[in-house]
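Notes follow once the structure below has been shown.
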Amino acid sequence: MRDPWFPLLILLIVLVAIWLGVLGPLPGGFADWLQRWQTLAAAGVASIAAYVAFQNTTRTLHHGERLERQRRDRKHAAVRAVLPLALSSLSEYAQESAETLGNLVDKCDDETLPRLTATEELVRPLPADTLKTLSDFIEYTDHGEVRILEALIAAIQVHDARLRGIYSINNDPNIVGVVIRADLEGRIVDAASIYAGAAVFYNYARRRSNELPTSVPWENVAVALSNMRIWDSEYPRVYETLERQRSFSTGPFDLPSDGTA
């Protein structure tokens with residue numbers, strides 16, 4: 001659309017051209033009058049030209065910002081559409097991890113896991129596209145709290161590293177050490193925390209709510225254990241580990257109650 005100031009700017013340019021003699025000689029009286037106002041007119045023309053340039057630049061910037069907002073909104077909508085698939089993959093990962101850990105707890109000899117008991121199925125990396133979807137969701141979410149999702153991704157990475165450590169200790173003859181039962185039970189709680197962290201985002205992902213979750217209480221982790229068929233009657237010490245965690249924080253992704261990390 002043409003700028004509304006454009007015709008006025010053209011008119012002023014013509015006037016300047018006239019007084020500068022570009023268009024030929026002028027009547028004496030008019031030329032004398034125009035000469036007296038030359039400085040003021042030049043300043044006025046420069047001011048109007050600067051204002052028009054500023055308006056055009058501002059309009060261009062606003063247009064660019066509007067296009068960028070639209071692009072980010074479309075990207076957020078697209079990532080939100082596939083978020084249920086990523087959360088489902090995450091829930092499946094957590095459940096398989098908890099079941100494998102539970103089987104290892106059952107195989108413990110008193111308080112330690114016999115060597116060469118942990119198999120490669122203990123370490124099941126999460127599909128790369130799942131983590132990519134979660135990271136894209138964080139990047140393109142401009143409204144709402146994503147701290148829980150950030151903490152969830154960090155927890156997945158820590159959990160994976162710990163499982164790899166368990167496998168190495170149990171299988172590598174060059175590593176001196178044993179895997180204790182309490183460590184396995186703690187990792188089951190970690191898996192349940194990941195499961196609970198994914199679960200709180202389902203309502204948003206499925207468009208049942210437009211509010212992002214801001215917390216994952218330990219009660220949700222207890223529910224996750226039940227959903228993963230880690231029963232209190234079979235694994236009472238896992239639930240005892242969970243109860244101990246309650247005294248340090250309100251949830252697995254919150255800071256401890258004493259403020260320490």
Side-chain angles (χ1 to χ4, degrees), residues 86-127 130-131 134 148-149 151-172 175 177-202 213 215-256 261:
L87 296 175
S88 178
S89 176
L90 193 55
S91 299
E92 182 179 353
Y93 164 81
Q95 180 161 350
E96 291 176 350
S97 178
E99 290 176 351
T100 302
L101 288 163
N103 291 333
L104 293 180
V105 168
D106 295 337
K107 295 177 181 179
C108 281
D109 181 7
D110 196 11
E111 291 299 316
T112 62
L113 181 67
R115 292 192 63 83
L116 304 179
T117 303
T119 62
E120 291 183 352
E121 71 174 359
L122 175 64
V123 182
R124 298 182 181 181
L126 196 66
T130 296
L131 293 178
L134 298 179
I148 295 298
L149 195 56
L152 178 59
I153 293 176
I156 295 168
Q157 296 171 333
V158 171
H159 185 63
D160 179 71
R162 287 172 172 172
L163 295 185
R164 292 178 185 276
I166 290 173
Y167 177 79
S168 296
I169 292 173
N170 190 245
N171 288 274
D172 191 339
I175 297 179
V178 295
V179 176
I180 62 174
R181 178 177 174 178
D183 191 23
L184 297 172
E185 292 165 340
R187 302 298 71 79
I188 292 176
V189 174
D190 292 344
S193 297
I194 293 171
Y195 189 102
V200 297
F201 283 93
Y202 274 112
S215 66
V216 181
W218 286 112
E219 287 78 4
N220 290 35
V221 179
V223 172
L225 287 172
S226 297
N227 290 340
M228 295 190 300
R229 298 185 294 277
I230 303 294
W231 311 115
D232 186 8
S233 57
E234 295 181 19
Y235 301 97
R237 289 177 37 163
V238 171
Y239 284 81
E240 291 172 5
T241 299
L242 174 61
E243 288 301 319
R244 285 195 297 271
Q245 295 293 334
R246 291 177 186 264
S247 63
F248 294 104
S249 63
T250 57
F253 307 124
D254 298 327
L255 290 175

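We count residues from 1, following the sequence as given.
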How far apart are the C-alpha atoms of E234 and W231, what are their side-chain angles, what is the distance that settles it, and do they pass the side chain to side chain contact (heavy atoms under 4.5 Å, CB included) test?
-> CA-CA 5 Å; E234 295 181 19; W231 311 115; 3.5 Å; yes
Under 3.5 Å donor-acceptor, S249 side chain and G251 backbone | yes
Do the side-chain N and O atoms of D172 and S168 include a donor-acceptor pair separated by under 3.5 angstrom?
-> no
Here the pair of heavy atoms bringing V189 nearest to L242 is CG2-N, 4.3 Å
Spatial distance of atom CZ (R162) from atom CG (D160) [nearest 0.5 Å] | 11.5 Å
N/O donor-acceptor pairs under 3.5 Å from side chains in residues 95-103, not counting sequence neighbours:
residue : atom : partner : partner atom : Å
Q95     : NE2  : E99     : OE2          : 3.3
E96     : OE1  : R124    : NH1          : 2.9
S97     : OG   : H159    : NE2          : 2.8
E99     : OE2  : R229    : NH2          : 2.8
T100    : OG1  : E96     : O            : 2.9
N103    : ND2  : E99     : O            : 3.3

Search all heavy atoms of R181 against all heavy atoms of C108 and return the closest pair with its distance.
-> CB-SG, 3.9 Å
How many angstroms lie between atom CG of L131 and atom CD1 of I156, to the nearest 0.5 angstrom?
-> 6.0 Å
Correct closest heavy-atom pair for V200 and N220 would be CG1-ND2, 3.5 Å
Take R164 and E120 through the test salt bridge (charged side-chain N to carboxylate O under 4.0 Å, His left out) and record every step on the way to the result.
-> CA-CA 9 Å; R164 292 178 185 276; E120 291 183 352; over 6 Å; no
Can you tell me if S91 and Y202 form a side-chain donor-acceptor pair at under 3.5 Å?
-> yes
Answer yes or no: is there a side-chain heavy-atom contact under 4.5 Å between I169 and V178?
-> no
In this structure, CD of E121 is separated from CG of L104 (nearest 0.5 Å) by 8.0 Å
With side chains defined as the heavy atoms from C-beta onward, is the minimum distance between E240 and Q245 less than 4.5 Å?
-> no
Does the W218 side chain pair with the main chain of S247, one donor and one acceptor, at a distance under 3.5 Å?
-> no
Got a donor-acceptor contact below 3.5 angstrom from the N171 side chain to the A118 backbone?
-> yes
Non-hydrogen side-chain atoms of N170 and T117 separated by less than 4.5 Å = yes
For residues V221 and P252, determine if any side-chain heavy atom of one lies less than 4.5 Å from a side-chain heavy atom of the other.
-> yes
Just checking, is any N or O donor in the side chain of Y235 or D106 under 3.5 Å from an acceptor N or O on the other one?
-> yes
Distance-minimising heavy-atom pair for I230 and Y239 = O-OH, 2.7 Å
Measure the OG-CG distance between S89 and L126 for me, rounded to the nearest 0.5 Å.
-> 5.0 Å
At their closest point, which heavy atom of R115 faces which heavy atom of I175, and how far apart are they?
-> NH1-O, 4.1 Å
Side-chain ion pair, R237 and E111, N-O less than 4.0 Å = yes
So CD1 of I166 and CD1 of I180: to nearest 0.5 Å the spacing works out to 9.5 Å
Answer yes or no: is there a side-chain heavy-atom contact under 4.5 Å between I188 and L184?
-> no
Please report the shortest heavy-atom distance between F201 and I148, naming the atom on each side.
-> CE1-CG2, 3.8 Å
dist L152:CG -> L90:CG (nearest 0.5 Å) comes out at 5.5 Å
